[in-house]
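Single-structure report; data block below.
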Amino acid sequence: MYYIQETDKLNKIEKWFHIVKLENDHIILPIVKTSLDDKTAYKLAMKTKKILDKVNSKKLVLSKRIKQQENYVNYLYSYGYEIVDGKWLFQLLIFNVLEYMIKKLNIRKEDIRIGILVNDVSDLAIYVIKELVTKYKNVKIVTNHIHKFQNIEEKMIEEYGIFISVGNNKRKVLSKTNMILNLDFPTELINKYQIHNEATIINFRGNVKIKDKRFTGLNINDYEIHWKEKENEIFYTKDMYEAIQHKNQPVEELLKKIKRDNIQIKELIAVNTVI
C-alpha cells in the first residue's frame, strides 16, 4: 500500500520535468495548488505507475488535494489500482452514524421511521437488518429483490418474534419514512421512489443526487471520523483507517475493532451543509 500526496515545496526543475519522488511508502507529486490539465495529469500518472509497478503495489491512499485532481485520479483507476475511498468503512459505521444523527436532530428513537434500501444480500446487510429491527420499532426493507429477503423475514419472526416489512411500492413505501439508510441503491433507482420531503437520506456506498425539487431534507453522501492515532491535515482520516483493515473478517469482529479503536463520527457531509 502506498500513499500519494502533493509536495510542500515545489521548485522549478521539479515542475518543468514533472519529477515524481518516492519517499518510503509515500509518492510525492510536483503539485502545490494548481489544477492539472489532462496532459500533465497523464504524465504524472504514467510516472506514478512506473513506481508502483516496481514495488508491485495496487492499493493506494490519496491525499485530500490529490483527490481533487480528477484527471490524474481517473488515469489511476484506468490502470486498475484500488483507491481507498472510505465507503467500505462508512457501511460498517452505520450504527454510529444513526446514533450521531439522532443526537444532532434531537429526535426520539420511537419517532424514527427507518427505511433500509438494499438489493445485495451481504453478511453486513443481514447483520444491519437484524440489529435495527431489534432496536427500533418502525423499520422497513425496500428492495427490488423481495424474494431474496423472504428467508430473513421468516427468521426474524421465528427467532425473535419480530415482524419486518419488506416492500417495493414506489409511491408508498418511503412516503412516511424519515430516516433512509441507503446501502446500495444508485441515483437512478432511488429517484424512482416518492420520498418524504423532509427525510434524512444517508448514502453509504455512492454519491446520490435527489432530483425532486420538493425535497428539503438532508442528503448525506460523505463523512469524516476521529481516530487519534493518525489524524492529520494531508489525508482523510477515514481513508487511513480503512486502508489498514482486513476486510475478509466477520462483521462482528470488524465492529469490535472499531469499538476498541474508539472510532467516532466527526462530521457528516450532506449536499450544501456539514452536520
Side-chain angles (χ1 to χ4, degrees), residues 82 84-102 109 112-170 172-174 177-193 195-196 199-208 210 219-223 225 238 241-242 245-259 263 265 268:
E82 177 190 351
V84 177
D85 62 5
K87 290 298 184 183
W88 173 84
L89 177 62
F90 199 17
Q91 295 176 75
L92 283 174
L93 291 170
I94 187 168
F95 304 112
N96 306 64
V97 171
L98 186 54
E99 290 175 5
Y100 181 89
M101 284 306 303
I102 288 172
K109 283 189 176 182
I112 297 176
R113 300 182 299 277
I114 297 174
I116 305 172
L117 310 189
V118 56
N119 280 322
D120 181 20
V121 187
S122 64
D123 290 341
L124 177 59
I126 294 171
Y127 185 88
V128 166
I129 292 168
K130 183 186 76 173
E131 290 296 306
L132 290 180
V133 297
T134 55
K135 292 179 180 178
Y136 297 89
K137 292 181 178 180
N138 196 330
V139 179
K140 294 180 180 178
I141 299 171
V142 182
T143 180
N144 277 341
H145 306 297
I146 293 177
H147 63 282
K148 291 183 179 181
F149 290 87
Q150 286 177 340
N151 290 337
I152 302 173
E153 189 176 6
E154 293 170 1
K155 187 175 181 179
M156 289 295 106
I157 296 173
E158 291 175 3
E159 295 189 10
Y160 303 100
I162 297 172
F163 173 78
I164 57 174
S165 171
V166 181
N168 193 35
N169 187 311
K170 293 178 172 58
K172 295 181 179 180
V173 72
L174 293 176
T177 299
N178 57 13
M179 186 69 67
I180 299 174
L181 308 178
N182 179 16
L183 297 189
D184 59 21
F185 276 28
T187 290
E188 59 270 20
L189 182 54
I190 194 173
N191 277 289
K192 292 180 180 179
Y193 290 80
I195 297 171
H196 190 287
T200 295
I201 305 170
I202 308 170
N203 304 295
F204 289 93
R205 185 172 292 183
N207 292 346
V208 167
I210 302 301
N219 183 29
I220 297 167
N221 285 310
D222 210 347
Y223 73 109
I225 63 170
K238 61 179 182 177
Y241 186 76
E242 178 178 305
Q245 304 309 311
H246 300 289
K247 297 183 179 181
N248 58 350
Q249 295 182 79
V251 173
E252 291 89 341
E253 293 302 315
L254 291 166
L255 293 176
K256 286 178 183 177
K257 187 176 188 307
I258 287 172
K259 188 174 182 179
I263 301 302
I265 301 297
L268 295 176

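Worth knowing before you read on, the calculation uses all heavy atoms, side chains too, and leaves out hydrogens, waters and symmetry mates. The structure presented is a predicted model; accordingly, all values stated were derived computationally and were not measured.
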So NZ of K135 and NZ of K109: to nearest 0.5 Å the spacing works out to 7.0 Å
Quick one: side chains of residues 117-130, donor-acceptor pairs under 3.5 Å with protein atoms, not counting sequence neighbours, listed by atom name and distance.
from : atom 1 : to   : atom 2 : distance (Å)
N119 : OD1    : T143 : OG1    : 3.0
N119 : OD1    : N144 : N      : 2.7
S122 : OG     : A125 : N      : 3.1

In terms of heavy-atom contacts, F185 and V142 come closest through CZ-O, 3.5 Å
Just how far is it from atom CG of L93 to atom CD1 of I263, taken to the nearest 0.5 Å? 7.5 Å
Could you check whether any side-chain heavy atom of I225 comes within less than 4.5 Å of a side-chain heavy atom of Y241, counting everything from C-beta outward? yes
K247 and E242 ion-paired at < 4.0 Å: yes
In chain order, what residues pass the ring-ring contact (aromatic ring centres under 6.0 Å, His included) check against Y100, with sequence neighbours excluded? none
Other residues, nucleotides and ligands only: do more than 12 of their heavy atoms fall within 6.0 Å of NZ on K172? no
Test item: L89 and Q245 side chains (from C-beta on) under 4.5 Å apart, heavy atoms: no
Inter-residue atom distance L268.CG - M101.CE, 0.5 Å rounding: 6.5 Å
Heavy-atom distance under 4.5 Å between the side chains of Q249 and L254, does that happen here? yes
Given side chain to side chain contact (heavy atoms under 4.5 Å, CB included), test D222 with K238 step by step and report yes or no. CA-CA 10 Å; D222 210 347; K238 61 179 182 177; 2.4 Å; yes
Verdict with reasoning, N203 to N207, per side chain to side chain contact (heavy atoms under 4.5 Å, CB included): CA-CA 7 Å; N203 304 295; N207 292 346; over 6 Å; no
For the atom pair NZ (K140) and CD1 (I164), what is the distance rounded to the nearest 0.5 Å? 13.0 Å
In chain order, what residues pass the ring-ring contact (aromatic ring centres under 6.0 Å, His included) check against F204, with sequence neighbours excluded? F90
Interatomic distance, CG@D184 vs CD1@I116, rounded to 0.5 Å, equals 11.5 Å
Considering all heavy atoms, the nearest I112-I114 contact: CG2-CG1, 3.3 Å
Indicate the atoms forming the closest heavy-atom contact of V166 with F149, along with that distance. CG1-CB, 4.3 Å
Any chance you could lay out the side chain to side chain contact (heavy atoms under 4.5 Å, CB included) test for I210 and I195, step after step, and finish with the verdict? CA-CA 9 Å; I210 302 301; I195 297 171; 4.3 Å; yes
Interatomic distance, N138 atom CG to M179 atom CE [nearest 0.5 angstrom]: 12.5 Å
Compare all side-chain heavy atoms of L255 with those of E252 and state whether any distance is below 4.5 angstrom. no
Taking all atoms of both residues into account, what is the closest heavy-atom pair of L174 and Y193, and its distance? CD1-CB, 4.0 Å
If you count heavy atoms of other groups shown closer than 6.0 angstrom to NZ of K137, is the number above 12? no
On a heavy-atom basis, the closest approach of N221 and K87 is O-NZ, 2.6 Å
Please report the shortest heavy-atom distance between N178 and R113, naming the atom on each side. OD1-N, 2.8 Å
Is there a side chain to side chain contact (heavy atoms under 4.5 Å, CB included) between I94 and I202? Walk through the geometry before answering. CA-CA 9 Å; I94 187 168; I202 308 170; over 6 Å; no
